[in-house]
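A short write-up of the structure that comes next.
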Amino acid sequence: MTQYYQDIDFGHFNYELSPLYDVSDVVVRGPLPDRDKPFIAFVGAAQTFGRFCERPFPTILAQRTGIPALNLGLGGCGPRTFMQPKILDILNDAQCVVLQVLSGRSESNSKFKVGHGGTDVLGTRVSDEVVMRAEEFFVDFAQANAPAAVNHLIAENCASYLEKYKLLFDSIKPKTILHWFARHTPEPTPHNILDGSLFGYFPHWIDRSMIEEMQNHCDAYVETVSNEGWPQQLWQAGESIDGGQLQDGYLYNYYYPSPEMHRQAAADLEYSMKRLFT
């Protein structure tokens, strides 16, 4: 997804994409820090990557702390993505690892298996082996089945999600910070689609009870909740793009965190890091 973002946003944003050291099939936002010197690793999805943002919060924190940042934000990813041995080796070289709370739809269930890389970009429907996006699968399934059946699959996703997060935390040796980065708090329970909302807002299907379970496996928890600067005006255009809605001749970002939200995330994390290391 990182190359996909760059291809769409070319001419407006330069994400300085680079292969992830010796993990040549993974492309991340640069610049890459020297692995032999202290650095902080930021694990996450497009919100950590910083689509439509010149200075995402990992970059801001690197400038404020003087410690280089490794931005491991990969669009559509889940916790499984970072369980690859080579990626774990990189994370275990870091001074600290910040893990974003990711989407619950990035995991598999009994009816749909997400891609090998642990993302919700493409997966396979078990019944007929058709390859599709997770959101497409759930929309189709919801149209053909009762809400109780859909909720059951969501619960399967969430159970697998928690298991993978616990394994990931337990596999990381440096101190870890769990980071909620959204426009809303995690209080609402998301396992009810009777109101017609299948996914809701990112991170999909994650509620406070799940956060509390994940907190037992990390060293700190930071909650960034903001909608400052949102929606974000982008550039003049004649048609919408993936991630940008056309309004009065301009594209607007109605999905990803705004630059102002990234600045808030950096401030929240900086405060927590100071407490963690003093």
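Here the structure is a predicted model, which means the values were calculated and not measured.
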Exercise. If you look at every heavy atom in Gly50 and Arg29, which pair is closest and at what distance?
Worked result: O-NH1, 2.9 Å
Exercise. If every non-hydrogen atom of Leu17 is compared with every non-hydrogen atom of Gln6, which pair is closest and at what distance?
Worked result: CD1-CB, 3.7 Å
According to the interplanar angle, ranging from 0 to 90°, do the rings of [X] and [Y] count as parallel (below 30°), tilted (30 to 60°) or perpendicular (above 60°)?
X	Y	answer
Phe138	Trp205	perpendicular
Tyr165	Tyr161	tilted
His184	Trp180	perpendicular
Tyr5	Phe49	tilted

Under a 4.5 Å cut-off applied to non-hydrogen side-chain atoms, are [X] and [Y] in contact?
X	Y	result
Phe82	Ile172	no
Val114	Ser108	yes
Leu102	Cys77	yes
Gln232	Tyr256	no
Arg35	Leu70	no
Arg51	Phe13	no
Val43	Leu99	yes
Ser106	His204	no

Using only atom types and a distance under 3.5 Å, with no angle test, would you say the side chain of [X] pairs donor to acceptor with the backbone of [Y]?
X	Y	result
Ser240	Leu246	yes
Thr2	Val27	yes
Asp219	Thr176	yes
Thr81	Gly78	yes
Gln264	Ser226	no
Asn227	Arg183	no
Asn92	Ser171	yes
Arg64	Glu270	no

For this session: Considering only NZ, NE, NH1 and NH2 on the basic side and carboxylate oxygens on the acidic side, decide whether Glu213 and Lys166 come within less than 4.0 Å.
Result: yes
Problem set entry | Step-by-step side chain to side chain donor-acceptor pair (under 3.5 Å) determination, Gln47 to Gln100 | CA-CA 8 Å; Gln47 296 73 22; Gln100 180 189 350; 3.0 Å; yes
Atom [atom1] of [X] and atom [atom2] of [Y]: how far apart are they, to the nearest 0.5 Å?
X	Y	atom1	atom2	value
Asn253	Leu234	CG	CG	5.5 Å
Thr224	Met261	OG1	CE	9.0 Å
Asn157	Leu162	CG	CG	11.0 Å
Ile67	Gln95	CD1	CD	5.0 Å
Glu136	Arg125	CD	CZ	9.5 Å
Cys218	Leu168	SG	CG	11.0 Å

Would a hydrophobic clustering, with Ile, Leu, Val, Met, Phe, Trp and Tyr connected at side-chain separations under 4.5 Å, put [X] with [Y]?
X	Y	result
Leu269	Phe169	no
Met83	Leu91	yes
Phe52	Trp230	no
Tyr21	Leu74	yes
Val26	Phe39	yes

Going by atom type alone, with no hydrogens or angles, which donor-acceptor pairs under 3.5 Å involve a side-chain atom of residues 53-62 and a protein atom two or more places apart or on another chain?
{"residue": "Arg55", "atom": "NE", "partner": "Gln63", "partner atom": "OE1", "Å": "3.2"}
{"residue": "Arg55", "atom": "NH2", "partner": "Gln63", "partner atom": "OE1", "Å": "2.3"}

For this session: Show which residues join Tyr271 in its hydrophobic cluster (side-chain heavy-atom contacts under 4.5 Å, direct or indirect), or state none.
Result: none
Got a sec: does the [atom1] of [X] have more than 12 other heavy atoms crowding it under 6.0 Å?
X	atom1	answer
Asp248	CG	no
Lys113	NZ	yes
Phe277	CZ	yes

For this session: Taking atom types as modelled, find out whether Asp7 and Gln3 have a side-chain donor-acceptor pair closer than 3.5 angstrom.
Result: yes
